Every structure is written in structure tokens, then in C-alpha cells.
Participant: 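The structure follows.
As the structure lists them, so they are numbered: ligands from 1, and atoms in each ligand from 1. Everything numeric in this text was worked out from a predicted model, so none of it was measured.
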Amino acid sequence: MILELDCGNSFIKWRVIHASDATIVGGGIVDSDQALLVAVLGLPSLHLQGCRIVSVRSEEETAALRAVLFAEFAIDAQVALPAQAMAGVRNGYEDYQRLGMDRWLAVLGAYHLAKGACLVIDLGTAAKADFVAADGEHLGGYICPGMPLMRSQLRTHTRRIRYDDASAERALNTLAPGRSTVEAVERGCVLMLQGFARTQIEQARALWGDSFTVFLTGGDAPLVRDAAPQARIVPDLVFVGLAMACPLD
Ligand SMILES: Nc1ncnc2c1ncn2[C@@H]1O[C@H](COP(=O)(O)OP(=O)(O)O)[C@@H](O)[C@H]1O
Ligand SMILES: CC(C)(COP(=O)(O)O)[C@@H](O)C(=O)NCCC(=O)O
Ligand SMILES: [K+]
């Protein structure tokens, strides 16, 4: 079995797959290294042979996580590293090492699945869009605040925006104009995300006509599903790229 980890700025997405056929044994989303251990150790008949990690966290945090995994499972986790080119895709950044590894792996996964021009929209702590042309040239992309950052900026920098998580969840049953602070903020931020997605799709259309695939991933992908009906929702897109960048044989 192989443990796969996607360490974003807010959460660690994890899954365990069989080494032989990549079928999924278990997986989830946790908010700390300790919670990860508890969740993975909860799997019945666990037998880890290896681990691959993608992280957009600091070197120190990633090293600490590797140490924890070594202590608990005696496995040497492999960490995905930047590359100028891989699997037919050429990194479009002026300095390829600066492109977020989650973005790079999602792009590798998307191009592998689409086998043609694609747009990747990844909605996590930040909202990201990346463009890959049919010949594998990564054209670059965009980074904006995602739902958690938009929310927390409003809460932090205003005096009268205060509400709890439960009412935030209830507020999203429709996107009609809000009649309370929580509705106004939560629905407004979702409309911002949807506007982001629509604008990226318009841009892809201007570049490539109708010949492209849209991928939607990240924890908040479901919030823009209606704004991007043509998109393929692939929650594990980063893991597709991670397996390509870190083969464990
Ligand atoms: N089970 C879940 N636990 C936590 N957040 C979730 C869950 N499902 C969806 N989300 C949403 O996912 C967002 C985080 O997305 P994610 O892609 O994990 O971010 P990051 O990679 O930056 O850590 C949160 O804003 C939250 O609204
Ligand atoms: C843009 C990001 C902060 C997104 O992080 P996430 O929302 O996945 O937690 C991450 O991809 C990153 O740190 N990138 C480096 C900067 C860049 O891609 O230009
Ligand atoms: K991420």
C-alpha cells in the first residue's frame, strides 16, 4: 500500500492505494499531522510500503511530516520536486521552481487525462487557474484569494462582520441576494469564485475555441459547478499528477 499526501495551506488531503493496481483503500481530509496519523492508523490491515507527498508548505513543515511518517511507519516519503518539463508538459514560469507544486501536478494530471488543451481551476485556500496548450506548453495562470481567504479578510478587516460556521453553511442553500450578513458575505464570495471560473473559461475559449477540457478541483470545486457545467470535476487531480511525478518502483 502507498500513502499519498497533498499538503495544502489549510488541509492535508490523504489517501491510501494498493501498490499493485492503484485501487483506493481509504482517504480523507485532515487539519494536522497528528490527525493524519490517527486517520491512517484507523484503516484496517494497513501495510504501507511507500509514501509520496506534494506540499506547498515550508521546507521545515514538510520535513517534520516526513519525520513523523518515518517514526510511525518506517517509510521514507518521497517529496515531489519542481521540473522544467515532464510527461509532455513544459512549465511556463520564468523560474520553473516558483510554480506551486500543487498547480504543477494538477496540470500534469489534467494534460494526461485530456490529451489536449486544458484549463485547470483549483479552488482551495487560494483560487488558481492554469492553462496548457494542445502541444503541452503551460502558458501560466492566475492566483486569487479562495473562499477561506475572502471570508477571513472580511471578518478580520471589518468590525461588524461576525458569524459562525453553522450559519455560513446554511446561507448557501441559494445564491439569492442576502438578507443577513452571513448570507450577503457567503453568497457574495461564492459569486466571486464563480466569476473567476467563468472568466477563465472565456479566456480559454478565446485561445482555443471549443477545443479544450476544463478541470475543476480543490475543496471548493462544488461551489462553482453550476457556473462551469462543461467542467470535469476531478477531486483527486493533484494525486494523478503526484503518481506521475513520484513513481515508487
Ligand atoms: N471535508 C472538508 N473539510 C474541510 N474543508 C472542506 C471539506 N470539503 C470541502 N471543503 C472546502 O475546501 C476548502 C479547502 O480546499 P483545499 O483544496 O483542501 O485547500 P488547500 O489545498 O489550500 O488546503 C475549504 O474552504 C472548505 O470550504
Ligand atoms: C498558490 C498557492 C498558495 C495555492 O495554495 P493552496 O490554495 O493549494 O493551499 C500555492 O500553489 C503556492 O504556494 N504557489 C507558489 C506561488 C506560485 O504558484 O506562483
Ligand atoms: K491545494
Side-chain angles (χ1 to χ4, degrees), residues 4-15 26-33 35-36 38-39 52-62 65 79-84 89 91-110 120-132 138-155 163-173 182 185-190 192-194 196-197 200 215-225 233-242 245:
E4 299 184 316
L5 303 177
D6 170 9
C7 305
N9 281 288
S10 302
F11 296 101
I12 301 176
K13 277 68 67 185
W14 68 272
R15 68 182 199 182
I29 172 164
V30 290
D31 62 3
S32 68
D33 293 2
L36 172 69
V38 171
R52 46 190 168 225
I53 301 180
V54 53
S55 175
V56 291
R57 300 183 175 186
S58 68
E59 307 269 347
E60 293 73 21
E61 285 168 287
T62 309
L65 175 56
V79 179
L81 295 174
Q84 203 132 42
V89 184
N91 190 317
Y93 258 30
E94 284 162 20
D95 176 355
Y96 72 92
Q97 304 194 55
R98 297 278 170 187
L99 175 66
M101 280 305 295
D102 55 345
R103 295 174 58 196
W104 174 238
L105 296 185
V107 154
L108 291 184
V120 179
I121 300 174
D122 181 345
L123 304 176
T125 309
K128 291 83 71 188
D130 278 280
F131 293 77
V132 189
H138 169 237
L139 305 180
Y142 300 91
I143 304 171
C144 291
M147 197 68 189
L149 287 182
M150 288 195 275
R151 244 187 220 125
S152 75
Q153 283 295 92
L154 284 167
R155 282 180 178 175
Y163 55 82
D164 57 79
D165 293 345
S167 41
E169 210 166 306
R170 278 196 305 274
L172 287 179
N173 53 358
V182 61
V185 171
E186 288 295 311
R187 294 175 192 174
C189 292
V190 168
M192 292 275 284
L193 276 192
Q194 294 193 345
F196 177 78
Q200 305 306 332
F215 290 93
L216 202 48
T217 192
D220 284 323
L223 297 178
V224 311
R225 172 183 249 138
I233 300 195
V234 183
D236 61 355
L237 191 59
V238 172
F239 285 138
V240 175
L242 180 60

Participant: I need the atoms of ligand 2 closer than 4.0 Å to a non-hydrogen atom of R103, numbered in the order shown.
Facilitator: 11 (O), 17 (C), 18 (O), 19 (O)

Participant: What protein heavy atom lies closest to atom 17 (C) of ligand 2? Include the residue and the distance to one decimal.
Facilitator: R98 O, 3.3 Å

Participant: Would you mind telling me if ligand 2 is within reach of the side chain of D102, the backbone, both or neither, using heavy atoms under 4.0 Å?
Facilitator: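 Side chain only.
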
Participant: Carefully, step by step, assess N173 and R187 under the rule side chain to side chain contact (heavy atoms under 4.5 Å, CB included).
Facilitator: CA-CA 9 Å; N173 53 358; R187 294 175 192 174; 3.6 Å; yes

Participant: Report, in ascending order of atom number, the atoms of ligand 1 lying under 4.0 Å from any heavy atom of P148.
Facilitator: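 Those of ligand 1 that fall under 4.0 Å from P148 are 25 (O).
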
Participant: Run the numbers on V238 and K13 for side chain to side chain contact (heavy atoms under 4.5 Å, CB included), then give the verdict.
Facilitator: CA-CA 10 Å; V238 172; K13 277 68 67 185; over 6 Å; no

Participant: Does any N or O of ligand 1 fall below 3.5 Å from an N or O anywhere on D220, backbone included?
Facilitator: yes

Participant: Can K13 be said to touch ligand 1, with heavy atoms closer than 4.0 Å?
Facilitator: yes

Participant: If we only count heavy atoms from C-beta on, is the Q194 to V190 side-chain gap below 4.5 Å?
Facilitator: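 A side-chain contact under 4.5 Å exists here.
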
Participant: Looking at L99, which atoms of ligand 2 are within less than 4.0 Å of one of its heavy atoms?
Facilitator: 18 (O)

Participant: How far apart are the closest heavy atoms of P148 and D220, and which atoms are they?
Facilitator: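 Result for this residue pair: CD-OD2, 3.8 Å.
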
Participant: Tell me, which protein residue and heavy-atom name are nearest atom 13 (O) of ligand 2, and how many Å apart are they?
Facilitator: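 Of the protein heavy atoms, V56 CB, 4.1 Å lies nearest.
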
Participant: Just to confirm my output: which protein heavy-atom neighbour is closest to atom 3 (C) of ligand 2, and how far is it?
Facilitator: N9 ND2, 3.6 Å

Participant: Which residue and non-hydrogen atom of the protein lie closest to atom 19 (O) of ligand 2, and at what distance in Å?
Facilitator: Y93 OH, 2.6 Å

Participant: If you count the atoms of ligand 1 from 1 in the order shown, which ones are under 4.0 Å from a heavy atom of G218?
Facilitator: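 Ligand 1 atoms under the 4.0 Å threshold to G218: 17 (O).
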
Participant: Nearest to the K ion (ligand 3), which N, O or S atom of D102 do we find?
Facilitator: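 Distance check against the K ion (ligand 3) picks out OD2 in D102.
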
Participant: Could you check whether any side-chain heavy atom of T62 comes within less than 4.5 Å of a side-chain heavy atom of C7, counting everything from C-beta outward?
Facilitator: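 Contact flag for T62/C7 side chains = no.
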
Participant: Looking at side-chain heavy atoms only, is the closest gap between L65 and L36 below 4.5 Å?
Facilitator: yes

Participant: Going by an N to O cut-off under 4.0 Å, is there a salt bridge joining E186 and R151?
Facilitator: yes

Participant: Give me the atom names and distance for the closest heavy-atom approach of G8 to V56.
Facilitator: CA-CG2, 3.8 Å

Participant: Please write down residue, atom name and distance for the protein heavy atom closest to atom 22 (O) of ligand 1.
Facilitator: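 Result: T125 OG1, 2.5 Å.
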
Participant: Where is the nearest protein heavy atom to atom 6 (P) of ligand 2: which residue, which atom, and how far?
Facilitator: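 The protein heavy atom lying closest is K128 NZ, 3.4 Å.
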
Participant: Check I143 against ligand 2 and report side chain, backbone, both or neither, counting heavy atoms closer than 4.0 Å.
Facilitator: side chain

Participant: Determine whether D6 and L105 make a side-chain contact, defined as any pair of heavy atoms from C-beta on separated by less than 4.5 Å.
Facilitator: no

Participant: Using a 4.0 Å cut-off to any heavy atom of G8, which atoms of ligand 1 qualify?
Facilitator: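 Under 4.0 Å from G8, ligand 1 has these atoms: 20 (P), 21 (O), 23 (O).
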
Participant: Are side-chain heavy atoms of V107 and V89 found at a separation under 4.5 Å?
Facilitator: yes

Participant: What residue and atom, counting heavy atoms only, is the protein's closest point to atom 8 (N) of ligand 1, and at what distance?
Facilitator: G219 O, 4.3 Å

Participant: Within the structure, does D122 bring an N/O atom to less than 3.5 angstrom of an N/O atom in ligand 1?
Facilitator: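 For ligand 1, there is no N or O atom that lies under 3.5 Å from one belonging to D122.
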
Participant: Does M147 form a side chain to side chain contact (heavy atoms under 4.5 Å, CB included) with L193? I'd like the steps, not just the answer.
Facilitator: CA-CA 7 Å; M147 197 68 189; L193 276 192; 4.2 Å; yes

Participant: Can you check side chain to side chain contact (heavy atoms under 4.5 Å, CB included) on H138 and L99, steps first, answer last?
Facilitator: CA-CA 11 Å; H138 169 237; L99 175 66; 3.8 Å; yes

Participant: Does NZ or CZ of R155 lie under 6.0 Å from the centre of the six-membered ring of Y163, at an angle within 45° of the ring axis?
Facilitator: yes

Participant: For the residue pair A80 and L242, what are the closest heavy atoms and their distance?
Facilitator: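 Here A80 and L242 meet closest at CB-CD1, 3.9 Å.
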
Participant: Taking distance alone, with no angle check, do F11 and ligand 1 share an N/O pair under 3.5 Å?
Facilitator: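 Yes: some nitrogen or oxygen of F11 is under 3.5 Å from one in ligand 1.
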
Participant: Indicate yes or no: does an N/O atom of G8 lie under 3.5 Å from an N/O atom of ligand 2?
Facilitator: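 No: no nitrogen or oxygen of G8 is under 3.5 Å from one in ligand 2.
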
Participant: Would you say G100 has any N or O atom under 3.5 Å from an N or O of ligand 2, going by distance alone?
Facilitator: yes

Participant: Just let me know how I29 lines up against ligand 1, side chain, backbone, both or neither, with a heavy-atom cut-off below 4.0 Å.
Facilitator: side chain

Participant: Please identify which atoms of ligand 2 are closer than 4.0 Å to at least one heavy atom of T125.
Facilitator: 7 (O), 9 (O)

